[in-house]
Engineer: 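The structure's right below; bear with me while I get my questions together.
Because only heavy atoms are used, hydrogens play no part in the values below, and waters and symmetry mates are left out as well, while side chains stay in. Index from 1, following the sequence.
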Amino acid sequence: MGTIVSFHAHPDDESIGTAGTLAKAAAAGHRVVLVFATRGELGEPVPGVLAEGEQLSVRRSYECYESAKVIGAARVEFLGYTDSGMMGEPSNEAPFCFWQASVEHAAKRLAIILDEEEPDVLTVYDDNGGYGHPDHIQVHRVGLRAAELAAVPVVAQNTINRDWMVRGMQGLRDSGATPEGWQAPDQPPPSFGKPESEITHRVEAVDFTEQKRSSMRCHASQMGPDHFMLAMPDPVFAIGFGTEFYIVTGAESMPSELFTDLFLPLR
């Protein structure tokens with residue numbers, strides 16, 4: 001049995017980006033650990049979800065544990081920073097937000113968990129955080145440094161495959177299978193993901209898409225039943241979210257059983 005630690009910026013990020021990978025790892029008998037930099041204090045709650053006086057950060061923390069149950073994660077930890085908000089917002093300047101954290105100090109916090117777990121693989125995000133969110137970019141920076149401090153053998157940067165998205169959008173338009181009222185855009189936003197030429201590995205998790213969507217549903221403060229990802233027909237969801245993509249470093253020699261169980265070369 002191996003261990004995979006998955007490091008994320010906010011509650012629900014684990015569901016959207018890596019839940020298929022993590023559920024597949026847990027189903028194969030490996031240990032799965034979730035670490036969140038923040039509790040997502042600045043998320044926009046679905047109207048009517050929070051009880052009177054309920055704090056969003058408390059609700060989102062609870063949702064992480066519910067998601068962990070669905071995925072099969074054995075441990076959930078928070079590094080204790082606050083949500084920085086979207087890039088360019090005044091909240092980026094808050095002294096205790098993750099964006100303002102010292103990379104070295106935050107990496108030492110994460111490295112304590114990594115030393116305890118001795119993971120075979122650490123997942124983070126690509127250098128643009130997938131889509132440019134400051135906390136996601138910081139996950140990349142902090143995660144890579146923590147992996148150095150704790151001598152984690154493999155780091156897998158979760159990313160969005162831009163070329164895959166373009167092909168998928170074209171396929172949806174051609175098939176007419178788009179959800180009612182939803183128009184597939186011609187191109188992903190320019191800040192989204194990486195070209196396929198930069199991506200090294202994929203995880204085929206189509207068999208775990210229901211767990212992935214159930215994990216998303218756990219984050220009901222952020223994704224209501226009408227959220228476009230949750231409203232997708234099952235076949236469309238499976239195509240769009242059943243394969244997860246990574247830029248992997250450190251797996252060149254003697255990869256662990258966990259790594260070979262999950263990660264397939266993209267080419």
Side-chain angles (χ1 to χ4, degrees), residues 4-22 25 32-40 42-43 64 67 71 73 76-79 81 83-87 92 97-101 103 106-107 109-111 113-114 119 121-150 152 154-165 188-203 205 212 215-216 219 222 229 241 243-251 259 262-263 266:
I4 182 169
V5 174
S6 196
F7 182 36
H8 295 279
H10 318 101
D12 81 10
D13 290 333
E14 86 290 353
S15 298
I16 298 167
T18 61
T21 299
L22 302 179
V32 175
V33 176
L34 293 171
V35 182
F36 296 92
T38 81
R39 296 179 186 267
L42 298 182
C64 285
S67 170
I71 291 169
V76 177
E77 294 289 349
F78 296 88
L79 293 191
Y81 298 99
D83 192 340
S84 306
M86 298 300 290
M87 188 68 82
N92 298 169
C97 76
F98 190 45
W99 184 238
Q100 290 297 324
V103 169
R109 290 190 185 186
L110 177 57
I113 300 169
L114 299 179
V121 177
L122 171 68
T123 78
V124 296
Y125 309 138
D126 67 39
D127 58 4
N128 192 43
Y131 66 100
H133 192 294
D135 286 337
H136 287 238
I137 295 170
Q138 192 77 320
V139 161
H140 172 84
R141 297 170 178 172
V142 169
L144 264 59
R145 178 59 181 142
E148 291 177 350
L149 293 173
V152 178
V154 176
V155 177
Q157 301 173 39
N158 182 236
T159 191
I160 302 163
N161 184 332
R162 286 185 59 83
D163 300 312
W164 176 274
M165 287 184 70
S191 62
F192 267 53
K194 294 289 184 178
E196 203 163 72
S197 59
E198 295 183 27
I199 298 171
T200 64
H201 289 76
R202 71 188 192 278
V203 174
K212 181 164 183 168
S215 171
M216 291 180 181
H219 295 283
Q222 302 300 297
M229 287 189 285
F241 290 93
T243 304
E244 295 171 351
F245 296 95
Y246 296 87
I247 301 168
V248 174
T249 55
F259 182 81
L262 298 177
F263 293 87
L266 192 62

Engineer: Just do the side-chain contact (heavy atoms from CB on, under 4.5 Å) check on Leu22 and Leu34 with the steps written out, would you?
Structural biologist: CA-CA 9 Å; Leu22 302 179; Leu34 293 171; 3.6 Å; yes
Engineer: List the atom of Asp83, the atom of Asp135, and the distance in Å for their closest heavy-atom pair.
Structural biologist: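 Here Asp83 and Asp135 meet closest at OD1-OD2, 3.2 Å.
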Engineer: Go through the steps for Asn161 and Glu196 under the test side chain to side chain donor-acceptor pair (under 3.5 Å), then give the verdict.
Structural biologist: CA-CA 6 Å; Asn161 184 332; Glu196 203 163 72; 2.9 Å; yes
Engineer: How close do Phe241 and Met229 get, counting heavy atoms only, and between which atoms?
Structural biologist: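 Minimum heavy-atom contact is CZ-SD, 3.3 Å.
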Engineer: Roughly how far, to the nearest 0.5 Å, is the OG atom of Ser84 from the CG atom of Leu42?
Structural biologist: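 Rounded to the nearest 0.5 Å, the CG-OG separation comes to 8.0 Å.
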Engineer: Determine the minimum heavy-atom distance between Ser6 and Thr123, stating which atoms define it.
Structural biologist: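 So the minimum-distance heavy-atom pair works out to OG-OG1, 2.6 Å.
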Engineer: Within the 4.5 Å heavy-atom criterion, are Thr200 and Leu266 side-chain neighbours or not?
Structural biologist: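 Heavy-atom side-chain distance check fails, nothing below 4.5 Å.
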Engineer: Output the distance between atom CG (Asn128) and atom CD (Gln157), rounded to the nearest 0.5 Å.
Structural biologist: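 Between atom CG of Asn128 and atom CD of Gln157 there are 11.5 Å.
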Engineer: Keeping the roles fixed (side chain from Asn92, backbone from Trp99), state whether a donor-acceptor pair exists under 3.5 Å.
Structural biologist: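 No.
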Engineer: Any side-chain to backbone donor/acceptor pair from Glu14 onto Ala19? Under 3.5 Å, distance only.
Structural biologist: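 Checked: no pair found.
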Engineer: Tell me the closest heavy-atom pair linking Pro134 and Gly85, and the distance in Å.
Structural biologist: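 Smallest interatomic distance, heavy atoms only, reads CG-O, 3.2 Å.
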Engineer: If you define the side chain from C-beta out and look only at heavy atoms, does anything of Met216 sit under 4.5 Å from Asp12?
Structural biologist: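 Result no, sub-4.5 Å side-chain heavy-atom pair not found.
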Engineer: Can any side-chain N or O of Asp163 pair as donor or acceptor with the backbone N or O of Pro195 at less than 3.5 Å?
Structural biologist: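 Side chain of Asp163 to backbone of Pro195: no pair is present.
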Engineer: Please work out which of the three classes, parallel, tilted or perpendicular, describes the rings of Phe192 and Tyr131, given edges at 30° and 60°.
Structural biologist: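 Correct class here is tilted.
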Engineer: Does Asn158 use its side chain to pair, donor to acceptor, with the backbone of Phe245 at less than 3.5 Å?
Structural biologist: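 Yes, the answer is positive, given that a donor and an acceptor are paired below the 3.5 Å cut-off.
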Engineer: Testing the basics here: between Ala156 and Val121, what is the closest heavy-atom pair and its distance to 0.1 Å?
Structural biologist: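 Residues Ala156 and Val121, closest heavy atoms: CB-CG1, 4.2 Å.
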Engineer: Taking only residues two or more places apart in sequence, or in another chain, which ones meet Asp127 in a side chain to side chain contact (heavy atoms under 4.5 Å, CB included)?
Structural biologist: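 Scan of Asp127 (side chain to side chain contact (heavy atoms under 4.5 Å, CB included), adjacent residues dropped) gives His140, Lys194.
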Engineer: What is the ring orientation for Phe259 with His201, classed by angle as parallel under 30°, tilted 30 to 60°, or perpendicular over 60°?
Structural biologist: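 Judged by the thresholds at 30° and 60°, the geometry between Phe259 and His201 is perpendicular.
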Engineer: To the nearest 0.5 Å, tell me how far Thr38 OG1 sits from Phe78 CZ.
Structural biologist: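 Result: 8.5 Å between the selected atoms.
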Engineer: How are the rings of His8 and Tyr125 set to each other: parallel, tilted or perpendicular (split at 30° and 60°)?
Structural biologist: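 Plane angle between 30° and 60°, so tilted.
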Engineer: Using side-chain heavy atoms (C-beta onward) and a distance below 4.5 Å, is Glu244 in contact with Lys212?
Structural biologist: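 Yes; the side chains approach each other to less than 4.5 Å.
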Engineer: Would you say the side chain of His219 lies within less than 4.5 Å of the side chain of His10, judging by non-hydrogen atoms?
Structural biologist: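 The answer is no, as the side chains (C-beta and beyond) never meet within the 4.5 Å cut-off.
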Engineer: For residues Phe98 and Phe7, report the shortest heavy-atom separation together with the two atoms involved.
Structural biologist: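 Closest heavy-atom pair between Phe98 and Phe7: CZ-CZ, 4.0 Å.
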Engineer: Does Tyr81 reach the side chain of Arg109, with side-chain heavy atoms less than 4.5 Å apart?
Structural biologist: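 Counting from C-beta outward, Tyr81 and Arg109 do come under 4.5 Å.
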Engineer: Any side-chain heavy atom of Ile137 within less than 4.5 Å of one from Met87?
Structural biologist: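 In contact.
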Engineer: Among all residues two or more places apart in sequence or in another chain, which pass the side chain to side chain contact (heavy atoms under 4.5 Å, CB included) test with Ala107?
Structural biologist: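 With neighbours one apart ignored, the set is Val142, Arg145, Ala146, Leu149.
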Engineer: Answer whether the closest heavy-atom distance between the side chains of Ile199 and Thr159 falls below 4.5 Å.
Structural biologist: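 Side-chain contact under 4.5 Å: yes.
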